2 protein chains.
Amino acid sequence: MADPKYRQIADGLRFKIESGVYPPDQKLPTESDLTDEFGASRNTIRDAIKSLINLGLVETRPGQGTFVTKRPDPLVTTLSADEVTGLGGGEGAAYRSEVSEEHRTPAVSEPDVRVQTAGGEIAARLRVPEGMRLISRHQQRFIDGTPWSLQTSFYPRQFANQGAERLLEDQDIAEGTVEYLLKKLKLKQVGYRDWITVRAPNLNEITFFRLPPDGRVQVFEIFRTAFDQDANPMRVTVTVFPTDCNQFIVNVGKVPPAKYEVVPPDGS
Amino acid sequence: MADPKYRQIADGLRFKIESGVYPPDQKLPTESDLTDEFGASRNTIRDAIKSLINLGLVETRPGQGTFVTKRPDPLVTTLSADEVTGLGGGEGAAYRSEVSEEHRTPAVSEPDVRVQTAGGEIAARLRVPEGMRLISRHQQRFIDGTPWSLQTSFYPRQFANQGAERLLEDQDIAEGTVEYLLKKLKLKQVGYRDWITVRAPNLNEITFFRLPPDGRVQVFEIFRTAFDQDANPMRVTVTVFPTDCNQFIVNVGKVPPAKYEVVPPDGS
DNA sequence: GCAAATTTGTTCGTATGTATT
DNA sequence: CAATACATACGAACAAATTTG
């Protein structure tokens, strides 16, 4: 009798879900049925169900019931450069998203461009003093019309004075900023580092991605620092994705395409 | 008056936390103080605090109070191979963990070795029929004595018959399995693919990592498929890390060491 | 070292609101 | 419109952990 009652109930339901007694999309008994089944009050049943919601195992729909969740097809994004096209593969226009079925159509908003001062996080990655002026270019990305990622790129403000004026214009740079900066500033991107973190979403992100407001769905935050031929950071791009429908691939060395590894539902 | 009261309270507290009125480690007012401050019942206050817990903003300690969380130093692991040592950097003995201070000492348990049949997930990645017999080698990894990761590697069962008998022994393979398989089976690992996902922890993981049992701290699950010189999968390694104290780095092309990018607390 | 006070954790009861069928 | 099912909110009681006197 160590565990509290709501946890015992949660574990009991969890076992039934994970062992397939309640398969995905199945409706669980109603709260009042569970009240009888477990001999607990409705509030205690609800505490148990809340913890299953936190685990992502079930979702509740007012007026309908509680249902075992079925995860949506994940979007898979490759972070490493394409072996064939070489460095920068997937850069500029968008991250490449493979293993996503062909009928998926990406879209990008026009950038929201600002001049702002560098905060600690960005300043450290760009290796500039805190408070320096930066150009930030913020874009929203969609796939099949649904919000997919939020992306912000930061460049030193002086890039615009040194010939890359279009960084300050709120229009997409069609050839990609990698090409553009090479052409205008002779800055050649020779590599990049992706720094992958996971955190709770902020209010903006909850709104944009339409996440549950309690923050149980977290987000990837990926910091991409791009380096020029002198090994200096030339750009920092921060991209945010919900964790519940995004996965990432990193290829190292010689590897075949990922298509072969697409996987049936469930596993472990 | 659209939002429910507990959410308004949560947003109010959240704002105070994010704007620094309540800095990290600060104790929030007690539940009964908040009851007076917001004119809500204790249960409603508790609902608000629960949602802040889900967001990872606060933690409660029975008998003490509610405190603004302070995130621990993350462990940063590089997934891409080392530029200098070439392919396989960080393989065999352990993933490399850089930017972790030098005084951190890793440890690995002896492997738990089994012969089992391939499930869908692993079978697809190893490109073998489901139900085929596999050798699994499971290890627990620690840093400074605290649980860090759970790792399981899968190999085709017949590798042991073809000369790599030690795969079946429950002892660490000191030179690393990459070297061992090259020596014994002439299988040269020419590359690997890491597939990065995030999910809720299962009961094993909650126990091992000592995560809160409600699953609000999720885990990275990284599938590493290693390929041989014929572009066939020779190994699948699944590693699980808690997301709250682990981050990952991917280097592509020519990049300087990551040390420069270590970042002060907070940011946005 | 112990008892009291403080603070959060669990459980129940009850009432009312809102979404769906 | 009525019935069903989940969501929110309040009140109350006791338990468990911790600090304080």
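Chain letters run A, B, ... following the sequence lines, proteins first, then strands; residues in each count from 1. Just so it is clear, the model here is predicted, and its values are computed rather than measured.
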Under 4.0 Å, counting only non-hydrogen atoms across every strand here, what does A/S32 touch: a base, just sugar-phosphate, or nothing?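 No contact.
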Touch class at under 4.0 angstrom, heavy-atom based, for A/R42 against every strand present: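 The residue A/R42 makes base contact.
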Using heavy atoms to find the nearest nucleotide of DNA chain C for B/K27 and A/G39 separately, return the residue whose nucleotide is more 5′.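 Checking each residue's closest nucleotide, the 5'-ward one belongs to B/K27.
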Stepwise ring-ring contact (aromatic ring centres under 6.0 Å, His included) check, B/F209 with B/F241: CA-CA 9 Å; B/F209 294 117; B/F241 307 82; 8.2 Å; no
Charged N to carboxylate O under 4.0 angstrom, A/K16 versus A/E37?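 A/E37 and A/K16: salt-bridged.
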Phosphate contact ([N] OP1 or OP2) by [X] side-chain N/O below 4.0 Å:
{"X": "A/T60", "N": "D/dA5", "answer": "no"}
{"X": "A/T30", "N": "D/dT4", "answer": "no"}
{"X": "A/T44", "N": "C/dC12", "answer": "yes"}
{"X": "B/S41", "N": "D/dA9", "answer": "no"}
{"X": "A/K50", "N": "D/dA7", "answer": "no"}

Atom pair distance, as rounded to whole Å: [atom1] in [X] and [atom2] in [N]:
{"X": "B/I49", "N": "D/dT8", "atom1": "CD1", "atom2": "P", "result": "17 Å"}
{"X": "B/E59", "N": "D/dA17", "atom1": "CD", "atom2": "P", "result": "17 Å"}
{"X": "A/N43", "N": "D/dA5", "atom1": "CG", "atom2": "C1'", "result": "15 Å"}
{"X": "B/K5", "N": "C/dA15", "atom1": "NZ", "atom2": "C1'", "result": "15 Å"}

Here's a test of your reading of the structure: between B/I45 and B/P62, which maps to the more 5' nucleotide of DNA chain D?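 Its nearest nucleotide being more 5', the pick is B/I45.
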Using 30° and 60° as the class boundaries, would you call the ring planes of B/F220 and A/F220 parallel, tilted or perpendicular?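 Because their plane-to-plane angle lies in the 30° to 60° range, the rings of B/F220 and A/F220 count as tilted.
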Among C/dT10, D/dA7, C/dC12, find the nucleotide with the atom closest to the side chain of B/R46.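 Side chain of B/R46 sits closest to C/dT10.
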Should the heavy atoms of other residues, nucleotides or ligands under 6.0 Å from CZ of A/F15 be counted, would the total exceed 12?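 No, because the 6.0 Å sphere around CZ of A/F15 holds 12 heavy atoms or fewer from other groups.
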